[in-house]
Asks: 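Below is one structure. I have some questions about it.
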Amino acid sequence: METHISCLFPELLAMIFGYLDVRDKGRAAQVCTAWRDAAYHKSVWRGVEAKLHLRRANPSLFPSLQARGIRRVQILSLRRSLSYVIQGMANIESLNLSGCYNLTDNGLGHAFVQEIGSLRALNLSLCKQITDSSLGRIAQYLKGLEVLELGGCSNITNTGLLLIAWGLQRLKSLNLRSCRHLSDVGIGHLAGMTRSAAEGCLGLEQLTLQDCQKLTDLSLKHISRGLTGLRLLNLSFCGGISDAGLLHLSHMGSLRSLNLRSCDNISDTGIMHLAMGSLRLSGLDVSFCDKVGDQSLAYIAQGLDGLKSLSLCSCHISDDGINRMVRQMHGLRTLNIGQCVRITDKGLELIAEHLSQLTGIDLYGCTRITKRGLERITQLPCLKVLNLGLWQMTDSEKVRDCSDFAWWSCLYQPRTFGTL
């Protein structure tokens, strides 16, 4: 007896449809009535984010989303009032407005007029017209918010952070990338240093302060005292922090990931402070810190030997520094040493000998390595990602081994590594 797919129970069809991507889920719903009913089961759409262009009225849009249990929405273009979304999605959990350049304080104010207890994540990245006024609304009506993305909202000031610290005590993740008006005062508000005005966001676990140029070591002091549960801290491109500030961070036992990329005033002394403290970091990025050298690698081996990911791109390190580090870093999984032009085949041989758990390595711009060093690296048993951009062979190697290099190019596609 033949069994056709149309004979399957709706519950089984729903289980199958759950494995499809969003586009194919929609197509399956158009096949027939039975498939439509199965495809509209809430289990099929669990965790899906609806991506919408709000251009004209569509009375069936939000009832359809709610019928499928969709609670996460990204607005790709906003030509209607934001209140249209908030009114249509009573139980909205996540709202992504990233890049909606025409969103204003007035538009957001009309949308948030009463408490929205279900909303947990709000992304306003690159909404450049948003100011502290909107943060006042958010702090008043979105008290259950756990994730707030404000990257590129360049009109936000310390007053806005005071409002966040007053109203969003449940916040776990805050992105303030390129909010260049912020200073140590605002970070003090977040860390609860002004309890008479605001309790602070003391439950923060992730804080991104990338490119906040006015911050100094005082901000790091506030963070170390008030945000003791912080697990991820991104300070990349914060040129105002120095080695002295890292001394404050060195005893944050909960911190797991620290990004200091392009912090020009960080040197071997700052890395010493981190290594001599009680940190248990799994990820550290000091790329483009041109005062970081071989001595830092010795400190890392002594006090930060639990690292899983280490980025040293364009640092002044050599084979000698590699030799001082690798013997203690057996758990390292990712090593980024792109543009470290003093690294030679000797350094690669040391890496291949001691870092057997390595899954990814960036050698972009390491112009002094040759095929001999790469042969050793490619023998690492766990290696999955190898970036060889700007690597060049000698003329003799090009003649003799060009077919082998083509094989490497195919097996290890050049790619860049993300920041921590």
Side-chain angles (χ1 to χ4, degrees), residues 98 122-128 130 132 135 138 145-165 168 171-194 198 200-250 252 254-266 270 273-274 279 281 283-289 311 418-420:
S98 176
L122 177 63
N123 190 337
L124 296 173
S125 298
L126 299 175
C127 295
K128 293 181 177 294
I130 293 300
D132 297 338
L135 296 187
I138 290 168
L145 212 59
E146 297 177 357
V147 178
L148 180 57
E149 300 279 341
L150 297 171
C153 295
S154 52
N155 289 315
I156 289 172
T157 72
N158 294 329
T159 300
L161 293 195
L162 177 61
L163 292 166
I164 290 174
L168 302 181
L171 206 60
K172 294 181 179 179
S173 177
L174 178 60
N175 187 336
L176 298 168
R177 174 181 53 83
S178 297
C179 295
R180 299 186 180 183
H181 293 300
L182 302 181
S183 70
D184 301 331
V185 174
I187 304 304
H189 293 325
L190 291 178
M193 297 296 109
T194 51
C201 300
L202 306 185
L204 272 177
E205 297 177 2
Q206 299 185 30
L207 179 60
T208 296
L209 298 171
Q210 177 181 338
D211 197 29
C212 292
Q213 299 286 344
K214 292 185 177 181
L215 302 187
T216 72
D217 294 335
L218 182 57
S219 285
L220 304 193
K221 183 177 182 180
H222 293 327
I223 289 170
S224 67
R225 289 186 172 184
L227 303 181
T228 55
L230 206 62
R231 297 180 61 83
L232 181 150
L233 179 60
N234 187 339
L235 296 166
S236 57
F237 299 92
C238 290
I241 66 172
S242 71
D243 295 332
L246 298 191
L247 187 59
H248 296 300
L249 299 183
S250 64
M252 294 189 67
S254 63
L255 198 61
R256 295 294 178 268
S257 179
L258 178 61
N259 191 335
L260 299 169
R261 173 179 288 246
S262 293
C263 292
D264 297 333
N265 293 316
I266 299 301
H273 291 327
L274 295 179
L279 288 175
L281 290 179
L284 176 64
D285 189 344
V286 290
S287 298
F288 304 100
C289 295
S311 293
T419 58
L420 295 173

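These figures come from a predicted structure and were not determined experimentally.
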Asks: How close do Ala165 and Cys201 get, counting heavy atoms only, and between which atoms?
Replies: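 So the minimum-distance heavy-atom pair works out to CA-SG, 3.9 Å.
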Asks: What residues form a side chain to side chain contact (heavy atoms under 4.5 Å, CB included) with Asn123, not counting sequence neighbours?
Replies: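 Once residues adjacent in sequence are excluded, the partners of Asn123 under the side chain to side chain contact (heavy atoms under 4.5 Å, CB included) criterion are Asn96, Ser98, Ser125, Glu149.
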Asks: Sequence neighbours excluded, which residues qualify as side-chain hydrogen bond (donor to acceptor under 3.5 Å, both in side chains) partners of Thr216?
Replies: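 Thr216: side-chain hydrogen bond (donor to acceptor under 3.5 Å, both in side chains) contacts with Asp184.
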Asks: Once side-chain hydrogen bond (donor to acceptor under 3.5 Å, both in side chains) is applied, do any residues pair with Ser178, and if so which ones, sequence neighbours excluded?
Replies: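 Here the qualifying residues are Asp211.
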Asks: Which pairs pass salt bridge (Lys or Arg N to Asp or Glu O under 4.0 Å) with one or both residues in residues 233-243, sequence neighbours excluded?
Replies: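 The answer is none; no pair qualifies.
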Asks: Under the side-chain hydrogen bond (donor to acceptor under 3.5 Å, both in side chains) rule, collect the residues that match up with His222, sequence neighbours excluded.
Replies: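 His222 satisfies side-chain hydrogen bond (donor to acceptor under 3.5 Å, both in side chains) with no residue once adjacent residues are dropped.
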Asks: Which residue pairs pass the salt bridge (Lys or Arg N to Asp or Glu O under 4.0 Å) test when at least one of the two sits in residues 219-231, sequence neighbours left out?
Replies: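 Sorted pair list comes back empty.
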Asks: Supply the atom-to-atom distance Leu279 CG to His273 NE2, rounded to the nearest 0.5 angstrom.
Replies: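 It is 12.5 Å, given to the nearest 0.5 Å.
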Asks: So which atom in Leu274 and which in Ser250 form the shortest heavy-atom distance, rounded to 0.1 Å?
Replies: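 Closest approach of Leu274 to Ser250: CA-CB, 4.2 Å.
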Asks: Roughly how far apart are Leu255 CG and Leu232 CG, rounded to 0.5 Å?
Replies: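 Here the interatomic distance stands at 7.5 Å.
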Asks: If you round to the nearest 0.5 Å, how far is CG of Leu233 from CG of Leu220?
Replies: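 Result: 7.0 Å between the selected atoms.
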Asks: Compare every heavy atom of Cys127 with every heavy atom of Cys153, then report the nearest pair and how far apart it is.
Replies: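 What the structure gives for the nearest pair is SG-O, 3.7 Å.
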Asks: Looking only at non-hydrogen atoms, find the nearest pair between Cys263 and Ser236 and report the distance.
Replies: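 Heavy atoms of Cys263 and Ser236 come nearest at SG-CA, 4.3 Å.
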Asks: Could you tell me which non-hydrogen atom of Met252 sits nearest to which non-hydrogen atom of Ser224, and how far apart they are?
Replies: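 Distance-wise, the nearest heavy atoms are SD-CA, 3.8 Å.
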Asks: Got a second to check how far Ser219's OG is from Asp217's CG, nearest 0.5 Å?
Replies: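 Rounded to the nearest 0.5 Å, the OG-CG separation comes out at 9.0 Å.
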Asks: Nearest 0.5 Å, please: how far is OG in Ser183 from CG in Asn158?
Replies: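 It is 3.5 Å, given to the nearest 0.5 Å.
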Asks: Go through the side-chain N and O atoms of Thr194 and His189 and say whether any donor and acceptor fall under 3.5 Å apart.
Replies: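 Per modelled atom types, Thr194 and His189 side chains form a pair under 3.5 Å.
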Asks: Walk me through whether Leu171 and Leu204 qualify under side-chain contact (heavy atoms from CB on, under 4.5 Å).
Replies: CA-CA 6 Å; Leu171 206 60; Leu204 272 177; 4.2 Å; yes
Asks: Side chain to side chain contact (heavy atoms under 4.5 Å, CB included) with Leu122: which residues, sequence neighbours excluded?
Replies: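 Leu95, Leu97, Phe112, Leu124, Ile138, Leu142, Leu145, Leu148.
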Asks: Roughly how far, to the nearest 0.5 Å, is the CD atom of Gln206 from the CG atom of Asn175?
Replies: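 The distance works out to 9.5 Å.
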Asks: What pair of heavy atoms forms the shortest contact from Phe288 to Arg261, and how long is it?
Replies: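 Heavy atoms only, the tightest pair is CE1-NH1, 3.2 Å.
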Asks: Checking side-chain contact (heavy atoms from CB on, under 4.5 Å) for the pair Ile223/Leu209: CA distance, chi angles, key distance, verdict?
Replies: CA-CA 12 Å; Ile223 289 170; Leu209 298 171; 4.0 Å; yes
Asks: Taking side chain to side chain contact (heavy atoms under 4.5 Å, CB included) as the test, write out the residues that go with Cys179, two or more places apart.
Replies: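 Cys179 satisfies side chain to side chain contact (heavy atoms under 4.5 Å, CB included) with Leu176, Leu182 only.
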Asks: Name the one of Leu168, Thr159, Leu150, Leu162 that satisfies side chain to side chain contact (heavy atoms under 4.5 Å, CB included) with Leu135?
Replies: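 That would be Leu150.
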Asks: Is a donor on one side and an acceptor on the other found under 3.5 Å between the side chain of Asn265 and the backbone of Gly239?
Replies: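 At least one qualifying donor-acceptor pair exists.
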Asks: Give the C-alpha distance, both sets of side-chain angles, the deciding distance and a yes or no for side-chain contact (heavy atoms from CB on, under 4.5 Å) between Asp132 and Ile156.
Replies: CA-CA 5 Å; Asp132 297 338; Ile156 289 172; 3.8 Å; yes
Asks: For Ser154, enumerate each residue passing the side chain to side chain contact (heavy atoms under 4.5 Å, CB included) test, keeping only those at least two apart in sequence or located in another chain.
Replies: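 Scan of Ser154 (side chain to side chain contact (heavy atoms under 4.5 Å, CB included), adjacent residues dropped) gives none.
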Asks: Would you please name every residue forming a side-chain hydrogen bond (donor to acceptor under 3.5 Å, both in side chains) with Ser262, sequence neighbours left out?
Replies: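 Here no residue qualifies.
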Asks: Just one of Asn259, Ile266, Leu249, Asp285 clears the side chain to side chain contact (heavy atoms under 4.5 Å, CB included) bar with Leu235, so which one?
Replies: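 In the set Asn259, Ile266, Leu249, Asp285, the residue that makes a side chain to side chain contact (heavy atoms under 4.5 Å, CB included) with Leu235 is Leu249.
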